[in-house]
Amino acid sequence: MAKVNYPEEFAGFAILDTKDWNKPKYTTYKPKKLEDNDIDIEIECCGLCGSDIMTAKGGDHGWGSITCPQVVGHEIIGKVVKVGPKVTLHKLGDRVGLGAQAFACLECNRCKHGNEQYCAKGVTTYDGTYEDGYISQGGYASHVRAHEYMCFSIPEKLDSIHAASLCCAGLTVFSPLKRYIPKNLPNGEVPKVAIVGLGGLGHLAVQFCKALGADAYVFSRTDSKKTQSFELGAKGFVATGVDGWEKEYFDQFDLILNCAIGLSGLNIDAFLSILKVEGRFCSVGLPAADEKYNVSPFTFFGNGSCLCSSALGSREEAIELFELAAEHNIVPWVETVPISEAGCETALTRAWNGDVRYRFVFTEFGKAFGTNAPN
């Protein structure tokens, strides 16, 4: 590939048509205007998130229409190579990470109370729209430009390849675990968390549960991932493909974290029955836009449980996440792929087919884009 003409342009592998969602093509594009608090990151590596696929698919089994060309990718690790005039959180040469959000207003009630991920004016790292109409582009690219507040310093102890998956997958599970695992249970009880689905999200949720002092139980349809669950630190494993599986676990769990993307065959009534009174069933794996839960008010009467979702996480939670990961050696299980048109197609296709344990991370950005990023 030709050397990118930075800073006048960025280069990346973009989805040109949702019909070819797994075949990104090399392209160049102008970056957004550099605002006072923006930084440019020269990308070293980027994880492949399920969100990349659901976005790239558009309305065809995805999350709806997108603006093409679209460079996806929001598990970004790289070096700061440019800073706006008012940047104070980072300096040139710093290694930083960027997750799924590139901007928040930092002035609204949500932002001021540690919930900037729910900012009404927030802009996602890719396929988001800034006030001036610019459509954000993501991390399968030479560079990315984002607000400094959304970028996080990476502890030296963490390898870039492992830190990448923590930027989105890690934060997505850490935030609800941090918020909803109960503290100070009576009689020294250890909180119990049900992790539904052992994939890119679930395998990190198991590790963070243990670091946060909770017992994680993996719930999966078959026994195929039982051994891996215990290798990751799970306290127990439950196969839900057997009728009546829930009876043994009635009233035992403080929290259910649903990390599965698809809802097909998910028996909500059975899962809610294993919750303690006022427990939560929290989804972080988002299905296609047309999939729905099948529940009624009667579903919740037995224990006052609730159904909720969680999006991303706050800057404060991200900083704590990276510190915890470094302290407890929380390591995503990853497979690396050199970024290229062929590499993107292979990884996207395999990820959609479930042929990965448990995350892909794209590497060799310096080679692909002619930058100084390490290979």
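The hydrophobic clustering, which links ILVMFWY residues whose side-chain heavy atoms are closer than 4.5 Å, places Val4 and Val144 together. Placement of Phe208 and Ile195 within a single hydrophobic cluster is found when ILVMFWY residues are connected by side-chain heavy-atom separations under 4.5 Å, directly or transitively. Grouping the Ile, Leu, Val, Met, Phe, Trp and Tyr side chains by contacts below 4.5 angstrom, directly or via other members, places Val356 with Leu348. A chain of hydrophobic side-chain contacts below 4.5 Å, direct or via other Ile, Leu, Val, Met, Phe, Trp or Tyr residues, connects Tyr26 to Leu48.
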Under the ring-ring contact (aromatic ring centres under 6.0 Å, His included) criterion, do Tyr180 and Phe281 qualify, and how do the steps go?
CA-CA 10 Å; Tyr180 302 144; Phe281 181 104; over 10 Å; no

Take Phe219 and Phe253 through the ring-ring contact (aromatic ring centres under 6.0 Å, His included) test and state the conclusion after the steps.
CA-CA 12 Å; Phe219 286 68; Phe253 289 87; 5.5 Å; yes

Apply the test ring-ring contact (aromatic ring centres under 6.0 Å, His included) to residues Phe13 and Tyr140: give CA-CA distance (whole Å), side-chain angles for both, the deciding distance (0.1 Å), then the verdict.
CA-CA 6 Å; Phe13 295 96; Tyr140 296 6; 8.2 Å; no

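Within the 4.5 Å cutoff, side-chain heavy atoms of Asp127 are placed close to those of Ile135. Lys79 places none of its side-chain heavy atoms less than 4.5 Å from the side chain of Arg95. Taking 4.5 Å as the limit, some side-chain heavy atom of Tyr249 sits within range of a side-chain heavy atom of Val238. Gln117 places a side-chain heavy atom less than 4.5 Å from the side chain of Ser175. Using a 4.5 Å heavy-atom threshold, the side chains of Thr363 and Val337 count as separate. Side chains of Phe230 and Lys235 form no contact here, defined as non-hydrogen atoms less than 4.5 Å apart. With a 4.5 Å cut-off on side-chain heavy atoms, Ser142 and Tyr6 do not count as touching. Between Leu92 and Val83, some side-chain heavy-atom pair lies under the 4.5 Å cut-off.
For an aromatic pair to be called close, the ring centres must be under 6.0 Å apart, and Phe237 with Tyr217 fails this.
With rounding to the nearest 0.5 Å, the separation of CD in Glu75 from SG in Cys167 is 7.0 Å. For the atom pair Ile256 CD1 and Leu307 CG, the distance stands at 9.5 Å (nearest 0.5 Å). Between the CD atom of Gln252 and the NZ atom of Lys192 there is a distance of 3.5 Å, given to the nearest 0.5 Å. In this structure, OG1 on Thr55 lies 7.0 Å from CD1 on Ile66, to the nearest 0.5 angstrom. Rounding to the nearest 0.5 Å places CG of Leu255 at 7.5 Å from SG of Cys209. Distance CG/Leu106 to SG/Cys111: 5.0 Å, rounded to 0.5 Å.
In the model, Asp52 has a side-chain atom that pairs as donor or acceptor with a side-chain atom of Tyr126 under 3.5 Å. Under 3.5 Å, the side chains of Asn22 and Thr349 contain a donor-acceptor pair of N or O atoms. Looking only at atom types and distance, the side chain of Glu44 has a donor-acceptor partner in the side chain of Ser160 under 3.5 Å away. For the residue pair Asn37/Glu148, the side-chain donor-acceptor check at 3.5 Å is satisfied.
The pair Asp251-Lys276 does not meet the salt-bridge criterion, since no charged nitrogen lies less than 4.0 angstrom from a carboxylate oxygen. By the 4.0 Å N-to-carboxylate-O rule, Glu335 lies close enough to Arg350 to be salt-bridged with it. Using a cut-off of 4.0 Å between Lys/Arg side-chain N and Asp/Glu carboxylate O, Asp38 and Lys32 are scored as salt-bridged. Under the 4.0 Å criterion applied to side-chain N and carboxylate O atoms, Lys82 and Asp40 are not assigned as salt-bridge partners. A salt bridge links Lys178 and Glu320; the closest N-O separation between the charged side-chain nitrogens and carboxylate oxygens is under 4.0 Å. Salt-bridge formation is not detected for the pair Asp223/Lys226: no Lys NZ or Arg NE/NH1/NH2 atom is positioned less than 4.0 Å from an Asp or Glu carboxylate oxygen. Under 4.0 Å is where a charged nitrogen must lie from a carboxylate oxygen, and between Arg179 and Glu317 at least one such pair does.
For the side chain to side chain contact (heavy atoms under 4.5 Å, CB included) criterion with Val218, the lone passing option out of Val196, Leu232, Val193, Leu198 is Leu198.
Heavy atoms from other residues, nucleotides or ligands lying under 6.0 Å from CZ of Arg110 number 12 at most. Annotation: Glu316, atom CD; neighbour count of heavy atoms from other residues, nucleotides and ligands within 6.0 Å does not exceed 12. Counted within 6.0 Å of CZ on Phe250, heavy atoms from surrounding residues, nucleotides or ligands total 12 or fewer; the atom is thus considered open. By the neighbour-count criterion of 12 heavy atoms within 6.0 Å, atom NZ of Lys23 is densely surrounded, having more than that number from other residues, nucleotides or ligands. The environment of CD in Glu278 is sparse: at most 12 heavy-atom neighbours from other residues, nucleotides or ligands sit within 6.0 Å. A 6.0 Å sphere centred on NZ of Lys33 holds no more than 12 heavy atoms belonging to other residues, nucleotides or ligands. Within 6.0 Å of atom CG in Asp243, 12 or fewer heavy atoms from other residues, nucleotides or ligands are found, so the atom counts as exposed in its surroundings. In Glu131, the CD atom is not crowded: 12 or fewer heavy atoms of neighbouring residues, nucleotides or ligands sit closer than 6.0 Å.
The shortest non-hydrogen separation linking Ile53 to Ala351 is CD1-CB, 3.7 Å. When all heavy atoms of Gln101 and Met150 are compared, the pair lying nearest together is O-CB, 3.1 Å. In terms of heavy atoms, Ala211 sits closest to Ile330 at CB-CD1, 3.9 Å.
Side-chain N or O atoms of Asp132 include one that pairs as donor or acceptor with a backbone N or O of Tyr134 at under 3.5 Å. His162 places no side-chain N or O within donor-acceptor distance of the main-chain N or O of Asp159, the cut-off being under 3.5 Å.
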